[in-house]
**Q** 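Starting off with a structure, shown below.
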Amino acid sequence: MRNGCIGTKGGRLARHAVAALVLLLTVVAVTLGQSGASLAQQGTKEVPAAASPTHGMVPGNTLGTTSDSDFWRAVRQGADGKVSIPDKKAATLVQSEGELWRAVRNGPLALYASWALLAMIVILALFFAIRGRIRIEHGRSERTITRFVAVERFGHWLLATSFIILALTGLNVMYGRYVLLPIIGADAFGAVTAFGKYLHNYLAFAFMVGLVLIFLMWVRHNLPDRTDIKWILQAGGLFSKHLHPPAKKFNAGQKLIFWATVLVGLSISLSGWSLLFPYTTHFFGGTFEVMNSVFGTSLPTPLTVVQEQQLASLWHSIMSVLLICVIIGHIYIGSVGMEGAFDAMGSGEVDLNWAREHHSLWVEEVLARRKGAGAGATQAAE
Ligand code: HEM
């Protein structure tokens with residue numbers, strides 16, 4: 001009886017325990033079923049449904065009815081998930097173009113850019129060895145003529161100093177780890193590069209202001225005209241000591257430098273702006289759209305904000321190296337390459353003989369204007 005009583009009590013306990021277990025298992029099963037169904041609903045076209053990484057679950061299916069490899073392949077190929085945080089970029093787990101960007105930047109871009117810079121320096125060294133310094137053929141007259149007034153020189157030097165520092169700090173980002181790091185060591189390189197980054201970011205604005213100034217001051221002197229043809233046909237007299245093709249304020253070579261500076265400088269500024277204010281611009285997507293509709297190209301549009309950044313970064317480097325090559329040539333001819341040239345941007349006053357040899361039409365213009373002003377002044381005095 002007692003045993004039976006105990007047995008009855010134990011049996012009831014056991015029955016309750018089994019019922020609780022069944023209930024628990026049912027709840028678990030229903031919950032799992034529901035979450036499976038909701039996972040299936042949430043699955044986008046790109047990500048296999050049952051394996052979507054939502055609800056904090058590890059993706060995959062232990063029963064083997066869905067493929068883990070399909071899931072991860074989709075993720076690897078840039079499939080987007082969903083996020084509820086404001087930063088929607090986080091929905092892309094693997095952005096494959098990033099790898100392409102790195103491969104291009106550290107591979108062909110860095111390689112060909114270094115070749116271009118080296119080639120420019122070698123060409124100038126050869127030119128200097130063969131032609132020597134371009135002298136003032138008739139010697140200095142010791143009479144001068146004003147070439148650039150203070151505001152023009154200010155605009156030029158604002159542009160020039162900012163560009164040189166931007167170029168050096170930019171090249172350090174690209175090549176510093178190979179060139180500077182082994183020489184000055186990791187600590188100094190880290191400090192120099194961090195400081196260089198701030199210089200690069202802030203001096204970008206000085207460069208843009210300089211660019212606008214020289215554009216406004218000099219654009220009217222840089223429009224192409226008939227005198228440029230003769231100058232180009234005679235290669236500017238660069239290869240002959242006695243040839244001085246006529247030119248106005250700027251010759252055809254300088255016009256090329258001017259337009260390269262303005263247009264490539266603008267392109268560097270716009271792509272640099274994208275890098276300064278990440279994820280805010282759509283320059284490439286917009287340009288690709290225009291190109292597709294005008295030229296019938298099939299460039300990818302729309303671009304994600306991350307793709308925009310990657311293209312801006314590559315374009316910024318390519319355009320910068322192009323302009324650095326042009327400016328190396330310009331600095332050469334404006335300093336050691338040609339006697340008397342630096343005075344134009346130094347004091348602003350150039351020797352009359354230098355001016356007659358390189359800008360004869362401009363000298364005539366200035367003298368005629370002076371004569372006219374002199375005659376005007378005499379008439380007014382009378
Ligand atoms: C140490 C560096 C530099 C020196 C010695 C230098 C020298 C000169 C000189 C002497 C001129 C006047 C030429 C003339 O009288 O006809 C000039 C003009 C000019 N410079 Fe520079 N410059 C330097 C850097 C730069 C840089 C970095 C830029 C642009 C990023 C630049 C852009 C220009 C432009 C657009 C002109 C007018 C067009 C021309 O003459 O080629 N310069 N520079």
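Since we're looking at a predicted model, the values are computed, not measured. Just follow the structure's listing: the first ligand is 1, and inside any ligand the first atom is 1.
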**Q** Quick one: look up the protein heavy atom nearest atom 3 (C) of ligand 1 and list residue, atom name and how far away it is.
**A**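 It is I331 CG1, 3.7 Å.
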**Q** Using a 4.0 Å heavy-atom cut-off, which part of A160 comes near ligand 1: side chain, backbone, both, or neither?
**A** both
**Q** To which protein heavy atom is atom 9 (C) of ligand 1 closest, and what is the distance rounded to 0.1 Å?
**A**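 Going atom by atom, the protein heavy atom closest to atom 9 (C) of ligand 1 ends up being M345 CG, 3.3 Å.
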**Q** Applying side-chain contact (heavy atoms from CB on, under 4.5 Å), run through K249 and F148 and close with a yes or a no.
**A** CA-CA 10 Å; K249 178 148 180 162; F148 294 112; 3.6 Å; yes
**Q** Going by the atom numbers of ligand 1, which of them fall below 4.0 Å from some non-hydrogen atom of A344?
**A**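 This gives 15 (O) as the contact atoms.
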**Q** As an exercise, identify every atom of ligand 1 less than 4.0 angstrom from a heavy atom of F148.
**A**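 The list of qualifying atoms is 12 (C), 14 (C), 15 (O).
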**Q** Looking at D351 and R143, does any basic side-chain N land under 4.0 Å from a carboxylate oxygen?
**A** no
**Q** Among all protein heavy atoms, pick the one closest to atom 30 (C) of ligand 1 and tell me residue, atom and distance.
**A**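 Nearest protein contact, heavy atoms only, for atom 30 (C) of ligand 1 is F163 CG, 3.6 Å.
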**Q** With a 4.0 Å cut-off on heavy atoms, does F215 reach ligand 1?
**A** no
**Q** Between W354 and H359, is a ring pair (Phe, Tyr, Trp, His ring centres under 6.0 Å) present by the stated rule, with each step listed?
**A** CA-CA 8 Å; W354 178 89; H359 299 277; 5.5 Å; yes
**Q** Flag the pair D343 and R140 as a salt bridge only when some basic side-chain nitrogen lies within less than 4.0 angstrom of an acidic carboxylate oxygen.
**A** yes
**Q** Tell me if the centroids of the rings in F207 and Y202 come within less than 6.0 Å of each other.
**A** no
**Q** May I ask you to decide if the ring planes of F128 and Y332 are parallel, tilted or perpendicular, using 30° and 60° as cut-offs?
**A**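 Answer is perpendicular, since the angle exceeds 60°.
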**Q** Starting from atom 28 (C) of ligand 1, find the nearest protein heavy-atom neighbour and note its residue, name and distance.
**A**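 Residue, atom and distance for the closest contact: I327 CD1, 3.7 Å.
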**Q** Taking 4.0 angstrom as the limit, do D228 and K248 come out as a salt bridge?
**A** no
**Q** Can you find an N/O atom of W218 closer than 3.5 Å to an N/O atom of ligand 1?
**A** no
**Q** Relative to the heavy atoms of I257, which atoms of ligand 1 are at a distance of less than 4.0 Å?
**A** 41 (O)
**Q** Hydrogens and angles aside, do Q95 and Q310 bring a side-chain donor and acceptor to less than 3.5 Å of each other?
**A** yes
**Q** Closer than 4.0 Å to some heavy atom of W354 - which atoms of ligand 1 meet that?
**A**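 Contacts of ligand 1 toward W354, numbered from 1: 15 (O).
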**Q** Hey, is E357 close enough to R135 for a salt bridge, meaning N to O under 4.0 Å?
**A** no
**Q** Side chains of T301 and E289: donor-acceptor distance under 3.5 Å anywhere?
**A**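 There is no such pair between these side chains.
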**Q** Over 60° means perpendicular and under 30° means parallel, so classify the ring planes of F215 and F258, tilted if in between.
**A** parallel
**Q** Which residue from Q254, R147, H221 reaches closest to atom 40 (O) of ligand 1 through any of its heavy atoms?
**A**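 Among Q254, R147, H221, the closest heavy atom to atom 40 (O) of ligand 1 comes from Q254.
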**Q** Measuring from non-hydrogen atoms of W157 to any atom of ligand 1, is the shortest distance under 4.0 Å?
**A** yes
**Q** Of S162, A341, A167, A247, which has the heavy atom at the shortest distance from atom 10 (C) of ligand 1?
**A** A341
**Q** For ligand 1, does Y332 get within less than 4.0 Å through its side chain, its backbone, both, or neither, judged by non-hydrogen atoms?
**A**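 Neither; nothing of Y332 gets under 4.0 Å from ligand 1.
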**Q** Given H156, M338, E152, which has its nearest heavy atom closest to atom 22 (N) of ligand 1?
**A**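 Nearest heavy atom to atom 22 (N) of ligand 1 lies in H156.
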**Q** If you measure from each non-hydrogen atom of H330 to ligand 1, which part falls under 4.0 Å: side chain, backbone, both or neither?
**A** side chain
